[in-house]
There are 2 protein chains.
Amino acid sequence: MTARTSAETARDIPEATVARLPVYLRALTSLSEAGTATCSSEELAAAAGVNSAKLRKDLSHLGSYGTRGVGYDVEYLRYQIAREIGVTQDWPVVIVGIGNLGHALANFSGFRSRGFRVVALLDADPRLHDTTIGDLPVRPFDQLEPLVHKHAVAIGVIATPAHAAQAVADAMVGAGIRSILNFAPTVLAVPEGVDVRKVDLSIELQILAYHESRKTPGVADVVPPAARPEIDGVDDDAAEEVIA
Amino acid sequence: MTARTSAETARDIPEATVARLPVYLRALTSLSEAGTATCSSEELAAAAGVNSAKLRKDLSHLGSYGTRGVGYDVEYLRYQIAREIGVTQDWPVVIVGIGNLGHALANFSGFRSRGFRVVALLDADPRLHDTTIGDLPVRPFDQLEPLVHKHAVAIGVIATPAHAAQAVADAMVGAGIRSILNFAPTVLAVPEGVDVRKVDLSIELQILAYHESRKTPGVADVVPPAARPEIDGVDDDAAEEVIA
DNA sequence: CGCGTTTTGTTCTCACGTTCACAAACTCCT
DNA sequence: AGGAGTTTGTGAACGTGAGAACAAAACGCG
């Protein structure tokens with residue numbers, strides 16, 4: 001896992017920086033499409049919604065791709081960031097759980113343009129196995145492993161209800177997938193070496209609610225007479241139901 | 001915005017803690033439904049996927065709700081966290097942009113059980129104005145302000161294509177909304193005092209791709225001959241298209 | 001009643017991330 | 001060629017968060 005071919009870049013990019021690189025990439029693409037050939041850290045930072053010092057420090061972790069007194073070449077920097085992230089070629093992706101959300105994800109056209117390609121859709125519900133989304137058929141869940149091997153899939157997306165998510169994750173890991181994007185509202189247990197990222201609507205809304213309730217003391221500070229029985233439901237429907 | 005009625009809790013809960021409270025809330029609900037009356041920090045931490053020291057420190061920011069030698073009363077702690085977050089009563093929410101994703105969000109049943117209630121769906125496309133999702137009709141976008149006032153909405157969800165998101169955000173702010181959950185892949189500019197949280201599929205996938213490409217040097221290290229023209233597309237379809 | 005056991009709440013230390021501020025490096029103009 | 005003006009890259013200061021470790025508090029039992 002060592003001995004890189006060329007241009008040994010500094011090997012430790014901070015996690016916080018990694019999380020911002022995709023934002024810079026998108027901002028650069030936007031600038032590029034607007035016909036901008038060169039930009040300063042100030043401009044790019046504004047487009048990305050961060051401050052310029054942070055931007056410069058982030059970029060400095062990948063190397064010195066700017067020119068003092070001038071700024072950054074948009075195309076060049078864009079390619080360098082794409083290469084660093086690893087999206088200079090498409091990553092094959094499978095989506096498991098074709099309910100409302102899975103359906104929306106399958107139709108999401110931003111995949112292709114941002115370095116990903118959906119190669120398979122899977123669902124346990126036999127009623128879905130006839131259907132097609134875009135030009136992809138929905139396959140039975142037990143075909144996960146052959147499909148993963150066939151397309152050399154490394155990234156899996158879980159869009160099932162919460163109660164099914166752990167089993168899906170286990171199967172993905174078993175099939176060789178080592179990066180999982182989880183939309184189901186549950187904590188996944190995975191072995192060492194497998195990355196899981198979580199996207200959780202309820203959590204985001206609750207964080208907003210927290211701040212909102214400090215902003216407007218009059219609205220939500222009215223504490224109900226007693227603890228309501230149903231605050232949070234560990235509901236199965238979780239991410240969604242099975243079909244639209 | 002001072003002078004709280006009772007039990008003045010420490011006023012500065014760290015942001016990192018706030019982001020975990022919803023996870024604890026869900027774990028507690030799960031324990032509660034499993035019939036557990038009491039739990040230790042160790043158990044709860046395991047259920048929430050964090051370590052117990054962090055959990056205890058987080059909870060200590062809200063007050064002393066545990067009993068040494070015993071642990072936490074599940075129901076009591078659940079209510080205290082819900083109250084701290086501000087989800088002891090439902091927050092009215094509007095969703096703008098009823099494409100694939102907006103449709104999925106509108107059908108998301110976890111809203112209700114987690115402290116939120118969708119009170120209106122809006123879209124600029126007249127073809128949608130006849131349709132109904134669940135029992136909610138899709139309204140024209142220009143009815144945002146009256147609907148926000150009518151239902152005292154404080155939280156807005158943007159599920160439009162990227163090119164429309166800023167205009168929607170401006171309208172939301174104009175209508176009095178001060179918390180926005182943005183699914184469109186674009187950076188929103190909002191005035192001071194307005195909170196924006198971003199959910200971005202492409203970014204999450206790209207972060208996974210970054211780590212994946214360091215795990216399997218053989219897969220994505222094959223650098224293409226030259227910078228590909230289409231790495232990232234600042235595409236309009238962005239979050240999705242207009243209808244399923 | 002006192003002692004051992006359990007588990008919380010908190011303190012201390014270290015690592016990480018952000019921001020400031022400035023030297024180094026480049027361009028442009030005279 | 002040289003100096004003024006820009007803009008990057010980075011060192012240093014600061015703030016926030018994570019984890020270890022332990023004292024304080026509750027319980028149970030003899």
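Please read all numbers here as calculations on a predicted model, not as lab measurements. Quick note on labels: first sequence line is chain A, next is B, and so on, each numbered from 1.
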Using a 4.0 Å heavy-atom cut-off across all strands, classify B:Glu42 as base, sugar-phosphate, or nothing. nothing

Quick one: side chain to side chain contact (heavy atoms under 4.5 Å, CB included) partners of A:Val153, sequence neighbours excluded? A:Pro92, A:Val94, A:Val119, A:Val148, A:His151, A:Ile177

Which residues share a side chain to side chain contact (heavy atoms under 4.5 Å, CB included) with A:Ala164, sequence neighbours left out: A:Thr160

Hey, could you give me the CZ/CZ distance between B:Phe108 and B:Arg114, rounded to the nearest 0.5 Å? 5.5 Å

Please tell me which of the listed nucleotides, D:dA21, D:dG19, D:dA18, lies nearest to the side chain of B:Lys57? D:dG19

Residues 39-51 of chain A vs salt bridge (charged side-chain N to carboxylate O under 4.0 Å, His left out), sequence neighbours excluded, gives none

Which pairs with one or both residues in residues 52-62 of chain B pass salt bridge (charged side-chain N to carboxylate O under 4.0 Å, His left out), sequence neighbours excluded? B:Arg20-B:Asp58

Nucleotide range of DNA chain C contacted by chain B, 5' to 3', under 4.0 Å to a heavy atom? C:dT6 to C:dC12

Output the rounded distance in Å from [atom1] ([X]) to [atom2] ([N]).
{"X": "B:Ile13", "N": "D:dT16", "atom1": "CD1", "atom2": "P", "answer": "15 Å"}
{"X": "A:Leu62", "N": "D:dT10", "atom1": "CG", "atom2": "P", "answer": "11 Å"}
{"X": "A:Tyr24", "N": "D:dT8", "atom1": "OH", "atom2": "P", "answer": "13 Å"}
{"X": "A:Leu77", "N": "D:dG9", "atom1": "CG", "atom2": "C1'", "answer": "14 Å"}

N/O donor to acceptor pairs below 3.5 angstrom from side-chain atoms of residues 187-201 of chain B, sequence neighbours left out:
{"from": "B:Arg197", "atom 1": "NE", "to": "A:Glu204", "atom 2": "OE1", "distance (Å)": "2.4"}
{"from": "B:Arg197", "atom 1": "NH2", "to": "A:Glu204", "atom 2": "OE1", "distance (Å)": "3.1"}
{"from": "B:Asp200", "atom 1": "OD1", "to": "A:Arg26", "atom 2": "NH2", "distance (Å)": "3.2"}
{"from": "B:Asp200", "atom 1": "OD1", "to": "B:Ser202", "atom 2": "N", "distance (Å)": "3.1"}
{"from": "B:Asp200", "atom 1": "OD1", "to": "B:Ile203", "atom 2": "N", "distance (Å)": "3.2"}
{"from": "B:Asp200", "atom 1": "OD2", "to": "A:Arg26", "atom 2": "NH1", "distance (Å)": "2.5"}
{"from": "B:Asp200", "atom 1": "OD2", "to": "A:Arg26", "atom 2": "NH2", "distance (Å)": "3.2"}

A:Asp170: which residues meet the side-chain hydrogen bond (donor to acceptor under 3.5 Å, both in side chains) condition with it, sequence neighbours left out? A:Gln166

By side-chain hydrogen bond (donor to acceptor under 3.5 Å, both in side chains), which residues pair with B:Ser179, not counting sequence neighbours? A:Glu212

Are any of B:Arg56's side-chain N or O atoms less than 4.0 Å away from OP1 or OP2 of D:dA21? no

Would you give a per-nucleotide map of nucleotides 23-28 of chain D, 5' to 3', where B means the base has a protein non-hydrogen atom under 4.0 Å away, S means only the sugar-phosphate does, and - means neither? -BBSS-

